[in-house]
Amino acid sequence: MNSNYSKTILTIMNVLFWIVFIGLCIETGALLVNYLYSVFINPETTYKLYNKLDLHKLFQKDIVGYHIVMISKLIVNGLKTFIAYKVVKLFMILKLENPFTLQTTKFVKEISYWVFIYAIFPIFVNSGYIDQLNIPKTKIEWNINETLFFAGLIYIIAVIMQRGTEIQDENDLTV
């Protein structure tokens, strides 16, 4: 494979991840502003929260449930944003000439841990209090099986990178 081709693809992916990161920052910020506005300024805005979420009945019936749902959604969006930030930061430290470094390996492994946390958080939230509320569109939706698979795949890549780093360090010592 051509080195220039790989650099071009990585540059395009870097730009795309920056766009995703900025979009997730905006989405999480909009959700936070909507939540704070609905709690402190105008409770009537619970009819039309961010992303067409209608929690007005929940707000009227169970204020604690409303807070749990909104905070859970904020945490999930925050985790997605944080993972995107970690990937953007990985692109900053990744050097195609020498990809097997301790720092990149550590970063990839750390990303796999955060994706795992992101995958299991909705399980606990949905199986707990939110399922008992029986209000449509309150579940934190994400394909948990695919996310767990993705976390495992990233971890396997991190382990392979770690072994590549060890081999590279051994070769550097013998030269």
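Two residues are said to be in side-chain contact when any heavy atoms from C-beta on lie closer than 4.5 Å; I120 and L148 meet this criterion. Looking at S112 and F150, their side chains never come closer than 4.5 Å, going by heavy atoms from C-beta outward. Residues L32 and L74 meet the side-chain proximity criterion, which asks for heavy atoms closer than 4.5 Å. The shortest side-chain heavy-atom distance between I160 and I156 falls under the 4.5 Å cut-off. Within the 4.5 Å cutoff, side-chain heavy atoms of I111 are placed close to those of V115. Looking at heavy atoms from C-beta onward, V108 lies in side-chain contact with I154 at the 4.5 angstrom threshold. The side-chain heavy atoms of K80 and E27, taken from C-beta on, include a pair separated by under 4.5 Å.
Residue L102 holds its CG atom at 8.0 Å from CD of Q162, rounded to the nearest 0.5 Å. Taking CG of L94 as the start and CD of Q103 as the end, the distance is 10.0 Å to the nearest 0.5 Å. One distance of note links CD1 of I83 with CZ of F17; it measures 10.5 Å at 0.5 Å rounding. One finds the CG atom of N77 at 12.5 Å from the CD1 atom of I26 (value rounded to the nearest 0.5 Å).
The aromatic rings of F82 and W114 stand perpendicular to each other, their planes meeting at an angle above 60°, with 30° marking the opposite boundary. The aromatic rings of Y35 and H67 sit perpendicular, their planes meeting at an angle over 60°, well past the 30° parallel limit.
No side-chain donor-acceptor contact under 3.5 Å links T104 to the backbone of F100. A distance-only check finds a donor-acceptor pair linking the side chain of N34 to the backbone of A30 [under 3.5 Å].
Partners of I9 by side chain to side chain contact (heavy atoms under 4.5 Å, CB included), not counting sequence neighbours, listed by chain and number: Y5, M13.
In the hydrophobic clustering of this structure, I68 groups with L36; members are Ile, Leu, Val, Met, Phe, Trp, Tyr whose side-chain heavy atoms approach within less than 4.5 Å, directly or through other members. Taken together through direct or relayed side-chain contacts under 4.5 Å among Ile, Leu, Val, Met, Phe, Trp and Tyr, V159 and L153 form parts of separate hydrophobic clusters. At a threshold of 4.5 Å between side-chain heavy atoms, the hydrophobic network of Ile, Leu, Val, Met, Phe, Trp and Tyr places M92 and L90 in one connected group. Residues I75 and V64 share a hydrophobic cluster, clusters being chains of Ile/Leu/Val/Met/Phe/Trp/Tyr side chains in contact below 4.5 Å. Side-chain heavy atoms closer than 4.5 Å link hydrophobic residues (I, L, V, M, F, W, Y) into clusters, and following such links, even through other members, never connects L24 to Y118.
A119 and T147 get closest at one heavy-atom pair: CB-CG2, 3.4 Å. Between F121 and S72, the shortest heavy-atom contact is CE2-O, 3.8 Å. Shortest non-hydrogen contact noted between V20 and A84 is CG1-CB, 4.4 Å.
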Worked check of side chain to side chain contact (heavy atoms under 4.5 Å, CB included) between Y155 and F116: CA-CA 10 Å; Y155 184 78; F116 180 74; over 6 Å; no
As a quick check of understanding, evaluate side chain to side chain contact (heavy atoms under 4.5 Å, CB included) for T101 and T105, giving each step before the final call. CA-CA 6 Å; T101 64; T105 302; 5.8 Å; no
Steps toward side chain to side chain contact (heavy atoms under 4.5 Å, CB included) verdict (T81, Y85): CA-CA 6 Å; T81 305; Y85 165 75; 5.7 Å; no
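For NZ of K106, the number of neighbouring non-hydrogen atoms (other residues, nucleotides, ligands) closer than 6.0 Å is 12 at most. For F91, the CZ atom counts as densely surrounded, since its 6.0 Å shell holds more than 12 non-hydrogen atoms of other residues, nucleotides or ligands.
In this structure, I167 shares a hydrophobic cluster with no other residue, the cluster being traced through Ile, Leu, Val, Met, Phe, Trp and Tyr side chains under 4.5 angstrom apart. Here V33 sits alone; no ILVMFWY side chain lies under 4.5 Å from its own, so it joins no hydrophobic cluster.
Remark: K89 is not positioned above the aromatic ring of F107, lacking an NZ or CZ atom under 6.0 angstrom from the ring centre and at most 45 degrees off the axis.
Using a 3.5 Å distance cut-off with no hydrogens or angles, the side chains of T11 and T8 do not pair a donor with an acceptor.
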